[in-house]
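Input: a single structure, listed below in C-alpha cells.
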Amino acid sequence: SRSTPARAELDRARAEIERTRAQAGVERERVRVSTTRSAASAEREKAREAKAKEAGDALWQLYQAEPSLELEREILRNLRFSAQSERLLQIAKSDGNPALRFSAIQGLMLDRSPKTAETMLGLYREEKDLAVRRQIIDSFPTQGSAATLVQMARQEADLPLRKRIVERLSTMKEKEAVDYMMEILKK
C-alpha cells in the first residue's frame, strides 16, 4: 500500500515533466519560426534597400546626362523616394537652376529628421532666390521644427520673409512656436 501512493506521486511527477518538456518544445519551435521570420524579414529589407539604392544610382546618372528641364524635374520627383537625400542636397546647394533647387528641396522635405532641419537652415542661409527661400520656410511646419523657424525669424532682415516665417509658426503647436508668438504679442 505504501508503494501505491509513492508510485502515483512518481507517475504525476513524470507526467508533469513530460508536459513541461512538450511546452518547452513548442516554445523552442515558436522561437525558431519567429527567428527565421525575423531573419527573412531582415533579408527582404536589405534587398529592398539595395534595390532602392541601385534605382537611385540609375536615376542620378540619368539626371546628370539629361538636358531637358522637365525630365530633370521628373527624375528629381523619383529621387525623393529612393533614399538619395545626399544627392538631393547636392542639387539644392549647387544646381544653377532655381526650379531644380526648388524641386530638390521638396524632396528633402520628406525626411523629417533633426538633421534635415539643420540642413534646411543651412540651405536657407545660403540661398539667394526668394522662391526657393519661401519653399524652405514652408517646409518647416511639416517637419515640426519650430525651434529652427524661431531662429530664422530672429535672424531674418527681409520683412516679407520674416512675416512668412511668423505665419508658419502661428500654425504650429510646439512650445518654441507658442513661446515666440507670445513674445511677439508682448512687444
Side-chain angles (χ1 to χ4, degrees), residues 45 48-49 51-187:
E45 184 62 28
R48 271 188 232 116
E49 287 173 7
K51 286 178 184 176
K53 179 163 179 14
E54 187 178 303
D57 291 343
L59 285 169
W60 179 245
Q61 289 175 348
L62 285 172
Y63 177 82
Q64 290 178 315
E66 184 54 52
S68 163
L69 177 64
E70 193 53 42
L71 287 176
E72 283 179 319
R73 280 186 179 161
E74 185 61 33
I75 292 167
L76 283 176
R77 279 192 281 279
N78 288 293
L79 269 176
R80 294 178 199 169
F81 303 107
S82 61
Q84 298 290 320
S85 59
E86 287 87 25
R87 291 188 172 149
L88 289 171
L89 178 60
Q90 181 180 346
I91 294 166
K93 281 184 174 181
S94 62
D95 199 290
N97 186 325
L100 293 175
R101 290 196 312 274
F102 188 93
S103 291
I105 288 166
Q106 286 178 321
L108 288 169
M109 288 172 24
L110 296 175
D111 183 1
R112 296 174 184 241
S113 70
K115 179 184 171 197
T116 301
E118 291 174 30
T119 300
M120 297 296 255
L121 178 60
L123 287 172
Y124 182 80
R125 288 178 176 155
E126 295 171 16
E127 184 59 53
K128 302 297 180 229
D129 186 89
L130 286 177
V132 176
R133 292 185 91 194
R134 284 192 294 270
Q135 177 67 28
I136 294 169
I137 291 168
D138 293 345
S139 74
F140 280 99
T142 63
Q143 293 181 353
S145 302
T148 306
L149 266 179
V150 168
Q151 182 181 356
M152 289 167 62
R154 291 184 196 283
Q155 295 171 354
E156 182 56 62
D158 183 88
L159 192 57
L161 285 176
R162 186 172 184 177
K163 180 181 175 195
R164 189 178 195 101
I165 295 169
V166 171
E167 287 171 352
R168 297 309 173 265
L169 283 166
S170 72
T171 65
M172 300 173 80
K173 305 284 188 243
E174 291 177 59
K175 181 182 181 335
E176 295 90 347
V178 173
D179 289 349
Y180 184 72
M181 297 305 290
M182 293 302 294
E183 181 183 317
I184 290 174
L185 289 173
K186 290 177 183 176
K187 288 183 179 180

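As the structure is a computational prediction, the values presented were derived from the model and not from experiment.
Closest of all the heavy-atom pairs between Ser103 and Leu76 is CB-CD1, 3.6 Å. Pairing each heavy atom of Val132 with each of Ile105, the nearest pair is CG1-CD1, 3.3 Å. Pairing each heavy atom of Leu169 with each of Ala146, the nearest pair is CD2-O, 3.8 Å. For the residue pair Ser145 and Ala117, the shortest heavy atom distance occurs at OG-CB, 3.3 Å. Contact between Asp138 and Arg164 at its shortest, heavy atoms only, is OD2-NH2, 2.8 Å. Pairing each heavy atom of Ala153 with each of Ile165, the nearest pair is CB-CG2, 3.6 Å.
Considering only heavy atoms from C-beta on, Leu123 comes within 4.5 Å of Lys93 through its side chain. Between Tyr180 and Met172 there is no side-chain heavy-atom pair separated by less than 4.5 Å. Contact check for Arg87 versus Asp57: side-chain heavy atoms found under the 4.5 Å cut-off. In this structure, Arg168 and Met152 have side chains that are not in contact, with every pair of non-hydrogen atoms separated by 4.5 Å or more. In this structure, the side chains of Glu176 and Thr148 stay at 4.5 Å or more apart for every pair of heavy atoms. Within the 4.5 Å cutoff, the side chain of Gln90 has no heavy atoms near those of the Asp95 side chain.
If you take CG on Leu100 and OG on Ser94, they are separated by 10.5 Å, rounding to the nearest 0.5 Å. Taken to the nearest 0.5 Å, the CZ atom of Arg73 stands 13.0 Å off from the CD1 atom of Ile75. Atom CZ of residue Arg162 and atom CZ of residue Arg154 lie 8.5 Å apart, to the nearest 0.5 angstrom. Considering CD of Glu74 and CG of Leu59, their distance stands at 9.5 Å, rounded to 0.5 Å. Between Met120 atom CE and Ile137 atom CD1 the span is 11.0 Å, to the nearest 0.5 Å.
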Could you walk me through whether Leu69 and Glu72 pass the side chain to side chain contact (heavy atoms under 4.5 Å, CB included) test, one step at a time?
CA-CA 5 Å; Leu69 177 64; Glu72 283 179 319; 4.2 Å; yes
Run the salt bridge (Lys or Arg N to Asp or Glu O under 4.0 Å) check on Arg101 and Glu126 step by step: do they pass?
CA-CA 12 Å; Arg101 290 196 312 274; Glu126 295 171 16; over 6 Å; no
Step by step, work out the side chain to side chain contact (heavy atoms under 4.5 Å, CB included) result for Tyr124 and Glu156.
CA-CA 10 Å; Tyr124 182 80; Glu156 182 56 62; 2.3 Å; yes
What's the verdict on side chain to side chain contact (heavy atoms under 4.5 Å, CB included) for Leu130 and Arg134, showing C-alpha distance, side-chain angles and the deciding distance?
CA-CA 6 Å; Leu130 286 177; Arg134 284 192 294 270; 3.6 Å; yes
Check step by step if salt bridge (Lys or Arg N to Asp or Glu O under 4.0 Å) holds for Glu70 and Arg77.
CA-CA 11 Å; Glu70 193 53 42; Arg77 279 192 281 279; 3.6 Å; yes
Please assess Gln106 against Phe102 for the test side chain to side chain contact (heavy atoms under 4.5 Å, CB included), listing each intermediate value before the final yes or no.
CA-CA 6 Å; Gln106 286 178 321; Phe102 188 93; 3.5 Å; yes
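In this structure a side-chain-to-backbone donor-acceptor pair under 3.5 Å is present from Ser170 to Glu167.
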